[in-house]
Novice: 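Have a look at this one.
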Amino acid sequence: MRIPFKTRILRLFGVLPTKTDRRIASLLKLMTLDEKIGQLNQISGNLATGPVSDRETNLFKIASEGKAGSFLNIKSVEHTKALQEAAMLSRMKIPLLFALDVIHGYKTTFPIPLAEAASWDMEAVELSARIAAVEASASGIHWTFAPMVDITRDPRWGRVMEGAGEDPCLGGKVARARVKGFQGKGLGATDALIACAKHFAAYGAAVGGREYDSADMSLRMLWETYLPPFKAALDAGVATFMNGFNDLNGIPATGSRYLQRDILKGRWGFEGFVVSDWASIKEMVNHGYASNSSDAAQKAFTAGNDMDMAGECYLENLSELVKKKKISMRMIDEAVERILRKKFEMGLFDDPFRFCDSQREQEALCNPEHREAARQMAEKCIVLLKNEKDILPLNRSLKIALIGPLVKSKKDMLGAWSIDWPEHSDTVTLYEALEKRVTDSSMLMYAQGCGISDDTSEGFIEAIDVANQADVVVVSIGEKSDMSGEARSRSDIHLPGVQEDLVMALCATGKPVIVLIHAGRPLIFNRISDRAPAILYTWWLGSEAGNAIANVLFGDYNPSGKLPITFPRSEGQIPVYYNHFNTGRPIPEGHTGETEYTTGYIDISNSPKFPFGYGLSYTSFAYENLKLSTTSMKENQKIQVSFDLKNTGSRTGEEIVQLYIRDRVASVVRPVKELKDFKKIKLKPGECKCLEFTIDEEMLSFYNDKLQWVAEPGSFDIMIGTSSADIRLADILEFK
Ligand code: NOJ
């Protein structure tokens, strides 16, 4: 049936109720207060992703009594179906929403999000989320707690692995791509997951990089650096938000009216719902922000937190709070309405079991097409940090000594937040991948050398012996998959155990040593980076890790990843990030050593070990002929910046070209440079392409001291770089 134009316009402006509005309104009329509160409650299944109480929970009883609107940590058609059936026994028969942390893939594990950000390839990032959604939705899941869009400048924080790194521009584009991927063609398709932008807000700024710690920052910093990826997720249509465990400027995010009601639901007009983090409502008592669980429920609810995850604080207190008139029925209805609307949009009221097709589940999980996409994504994430004398790619006729504690590991290739399928049998290890590629088995030798956290070098002798018999040594080291992730902050981010010593011992054999570093965060490995001729940062790449790494080692894929986060030389430099202020006493340009009375340390340079945006290729690129369509720009005008990029090497390769801008003088100090846009371009040897960026007023704008978004007249440096520390072309733009 065609809806008349007038009706559509009136609906658009919210003047006329839609069919869903009417269905929600009639449901609300029929529901008791307890049933409404049930919708605001989320219960965890048996997989725990937070501290659990020893209280016995009968999930089926809760579902059949209508005491939960959602469950997390239940997966598979079998289990979700059984609980949904229980929900259908409840008086109102309101379907459940099943949520899970589908962070980087489901059964097919993709690279960790930080690694995916290193691809700077938004189509690939979107595809990865899409496949995760196809698999998870086939397995009964409706809602993922992803993407995590927290900016972080602190690699000590364990959850750095789960985000897109330090930059709001890159972070915003990744957020958008992941939301689009998860939500697909839109809620209502049976292969779409509800996405959740988390953790609102500033969780990644935890002091000292300590998990769950406070964030304290100026509002300008919040708006300029930490909020943009959330806004990007919202603009991409994200259906839910999760608040955070942290307090921000003295108010727990879960109880922050400023964040949830004023910014999110007010200024930004968010129409979805907000879920707390695991028990973060009642944890406001520990924060010293609520006197007891009732006070915590009241504060979180009035601040705009709609659903209570795993805390049962709403279940225990909201009814009483309504009776005492501390919370109005209108507010309860508003929160329930937000949740019911998503259930309607997911089509669950029409068919609660539409995600319960076991045949589809069987076909979707880890199918060959998904594996292929996972391998391609993994290749794109690998960052070549060093390649002296073009030692890489390897010639297939070389005899390889494959050494290190991660060579045969399956679980550690997946990384934290992988959906825990018991045996990880589908993961391709490095050993398996290389074994398949060498001409005969005598060309591949193996020694473990040491364990990841070992403090003994007993295995070195065997490793050195194996290295001595080979032409080239490939050593695979890094972190265990549980060394980064939630509650995995580390004060010391050097390579664990004696792994660095192992590499030094292997370098001492005189054999060429190629180092592969697998980790969930930037690590510090200065001795290795000074000594080893080739280093690939391989993060945690997922199910296809081994194949992707092998393809890069042998040159079947030319590495193209670039760092989405700065790698420090020492923990003492943290936080170290490229978009810092100049200060009144900057170190003179080009000066690397110690200088008197300048911003820095007496014992270490300010420069990072590897800067944001850095990454090498097996080919080389030249940047030439920068042209600005005009060097003087007016309000509302757009200008074009063009330049030529040429592949000057002998292999086809991809370059990520980066546009940075600096506002030279402004009413508040501005960073030395800020990423504003980027492109990933593939060129054949000798090929040259003219590339173009458009600069608009938005890109020159910032928050002034009144928190107004403004572009001020003045001079702007326009910089085109291959990394934040390697600007190849620059000019000045006057904004009038
Ligand atoms: C706590 C984490 O902070 C959050 O990101 C996650 O989604 C929930 N636990 C559920 O596992």
Side-chain angles (χ1 to χ4, degrees), residues 41-53 57 68-75 97-106 112-114 129 132 136 141-152 157-164 175 178-179 182 193-206 209-215 229-230 233 238-248 252-254 259 272-284 286-287 300 305-313 415-420 482 484-489 520:
N41 185 36
Q42 187 182 53
I43 299 278
S44 179
N46 307 327
L47 266 173
T49 48
V52 278
S53 70
T57 328
S70 172
F71 280 82
L72 77 150
N73 294 338
I74 305 274
K75 57 177 199 189
L97 272 184
F98 291 103
L100 194 71
D101 291 284
V102 182
I103 307 293
H104 52 113
Y106 186 68
I112 56 166
L114 185 63
I141 309 300
H142 307 134
W143 178 17
T144 174
F145 294 137
M148 184 189 96
V149 302
D150 295 307
I151 293 294
T152 186
W157 189 49
R159 297 192 82 168
V160 64
M161 51 100 15
E162 207 180 323
R178 301 195 73 212
V179 169
F182 286 130
L193 287 183
I194 296 175
C196 179
K198 68 187 190 185
H199 305 82
F200 199 59
Y203 180 41
R210 272 185 305 276
E211 181 66 305
Y212 312 129
D213 216 324
S214 309
F230 287 100
V238 74
T240 64
F241 269 64
M242 185 189 294
N243 54 42
F245 291 124
N246 60 297
D247 58 278
L248 170 63
T254 304
L259 287 173
F273 69 89
V274 180
V275 63
S276 76
D277 204 340
W278 184 288
S280 68
I281 298 178
K282 66 179 179 204
E283 285 174 11
M284 291 202 296
N286 293 345
H287 277 279
N305 179 120
D306 302 301
M307 187 180 274
D308 176 2
M309 182 201 295
E312 292 180 41
C313 209
W417 285 122
S418 68
I419 307 291
D420 201 23
D482 60 3
S484 290
E486 186 181 344
R488 292 291 179 269
S489 289

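This chain uses plain numbering: 1 for the first residue, then up along the sequence. If you're wondering where the values come from, they're calculated on a predicted model, not measured in any experiment. Atoms within each ligand, like the ligands themselves, are counted from 1 in listed order.
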Novice: Output the list of atoms in ligand 1 that are nearer than 4.0 Å to some heavy atom of Thr49, sorted by atom number.
Specialist: 9 (N), 10 (C), 11 (O)
Novice: Which atoms from ligand 1 have a heavy atom of Leu72 less than 4.0 Å away?
Specialist: 10 (C)
Novice: Does either side chain, that of Trp143 or that of Ser70, offer a donor lying less than 3.5 Å from an acceptor on the other one?
Specialist: no
Novice: Return a yes/no value for Asn73: is any of its N or O atoms, backbone included, closer than 3.5 angstrom to an N or O of ligand 1?
Specialist: no
Novice: Which bit of Met242 is near ligand 1, meaning a heavy atom under 4.0 Å away: side chain, backbone, both or neither?
Specialist: side chain
Novice: Please confirm whether Tyr203 comes within less than 3.5 Å of ligand 1 when only nitrogen or oxygen atoms on both sides are compared.
Specialist: no
Novice: Side chain to side chain contact (heavy atoms under 4.5 Å, CB included), that's the test. Do Trp157 and Glu211 meet it? Break it down for me.
Specialist: CA-CA 6 Å; Trp157 189 49; Glu211 181 66 305; 2.8 Å; yes
Novice: For residues Pro113 and Arg178, determine if any side-chain heavy atom of one lies less than 4.5 Å from a side-chain heavy atom of the other.
Specialist: yes
Novice: Atom 7 (O) of ligand 1: which protein heavy atom is closest, and how many Å away?
Specialist: Asp101 OD1, 2.6 Å
Novice: Any nitrogen or oxygen of His199 lying under 3.5 Å from a nitrogen or oxygen in ligand 1? Just yes or no.
Specialist: yes
Novice: Are side-chain N/O atoms of Asn305 and Thr254 paired as donor and acceptor at under 3.5 Å?
Specialist: no
Novice: Should Leu100 and Asn73 count as side-chain neighbours, where that means a heavy-atom distance under 4.5 Å?
Specialist: yes
Novice: Ring-plane angle category for His199 and Phe245, please: parallel below 30°, perpendicular beyond 60°, tilted otherwise.
Specialist: parallel
Novice: Quick one: does Lys198 get an N or O within less than 3.5 Å of an N or O on ligand 1?
Specialist: yes
Novice: Test your reading of the structure: does Arg159 have an N or O sitting under 3.5 Å from an N or O of ligand 1?
Specialist: yes
Novice: Short question: side chain of Trp417, backbone of Gly485 - any donor-acceptor pair under 3.5 Å?
Specialist: no
Novice: Starting from atom 4 (C) of ligand 1, what is the nearest protein heavy atom, named by residue and atom, and what distance separates them?
Specialist: Asp277 OD1, 3.3 Å
